[in-house]
Amino acid sequence: MKHFIIAFSALFLAACATPPPTSMLDSDWTTFGYERAMKGQIAQSESRLDKLLEDQSLKSSNYQAYLTGYKKGQNEYCSQNAYILGVTGGPYNGICDLIDWTFREDYNSGRFSTANGM
């Protein structure tokens, strides 16, 4: 079990460090936004994403595509069973608070049920 937790933690940290696309194709930015939301990560601001690009400037259409993908991923992420997400130790950074006010409560119930050995 300890090895599973270590492997999961390493995978989670690697997933958080996903860089933005290097292409300026809107489809790549839609996918990037979707994937971030499906990992439970908070949406990035346009200025933050622009700073992450090394040699290019983020186009307005790229950011709109990112937000479109993010919103789709957020809706899918927030439709999962929050209790199970908590039990399995999945990430939750508050991205569902405005969509489903019970999500955080259910997530915490799952998270704390395993901590207390229930």
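Nearest heavy atoms, Lys39 versus Pro91: O-CG, 3.3 Å. Here the closest heavy-atom approach between residue Ala37 and residue Gly73 is recorded as CB-C, 3.5 Å. What you find for Asp26 and Ser61 is that their closest heavy atoms are OD1-OG, 3.2 Å. Scanning both residues, Gly40 and Asn93, for their nearest heavy atoms gives O-ND2, 2.9 Å.
Annotation: side chain of Pro19 is not in contact with side chain of Leu52 (no heavy-atom distance under 4.5 Å). Residues Leu85 and Phe103 meet the side-chain proximity criterion, which asks for heavy atoms closer than 4.5 Å. Within the 4.5 Å cutoff, no side-chain heavy atoms of Cys78 are placed close to those of Asp100.
Between the CD atom of Glu54 and the OG1 atom of Thr22 there is a distance of 9.5 Å, given to the nearest 0.5 Å. To the nearest 0.5 Å, atom NZ of residue Lys72 and atom CG of residue Leu67 are 15.5 Å apart. Taking CD1 from Ile84 and CG from Asp106, the interatomic distance works out to 10.5 Å, rounded to the nearest 0.5 Å. Tyr92 contributes atom OH, which lies 3.5 Å from atom CG of Asp97 (distance to the nearest 0.5 angstrom). Atom CG of residue Asn75 and atom OH of residue Tyr70 lie 10.5 Å apart, to the nearest 0.5 angstrom. Note that the CD atom of Glu76 and the CE atom of Met38 stand 5.0 Å from one another [nearest 0.5 Å].
Gln41 pairs with exactly one of Arg36, Gln74, Glu35 by the side-chain hydrogen bond (donor to acceptor under 3.5 Å, both in side chains) rule, that one being Arg36.
Ile99 and Tyr34 are not part of a single hydrophobic cluster, where members link through side-chain heavy atoms under 4.5 Å apart. Grouping the Ile, Leu, Val, Met, Phe, Trp and Tyr side chains by contacts below 4.5 angstrom, directly or via other members, places Leu53 with Leu49.
Within 6.0 Å of atom CD1 in Ile42, 12 or fewer heavy atoms from other residues, nucleotides or ligands are found, so the atom counts as exposed in its surroundings.
Asp50 contributes no side-chain N or O that, together with a main-chain N or O of Glu46, makes up a donor-acceptor pair within less than 3.5 Å. With hydrogens and angles ignored, the 3.5 Å screen pairs a side-chain donor or acceptor of Gln80 with a backbone N or O of Tyr77.
When the ring-ring contact (aromatic ring centres under 6.0 Å, His included) test is applied to Phe32, the partners found at least two apart in sequence or on another chain are Trp29, Tyr66.
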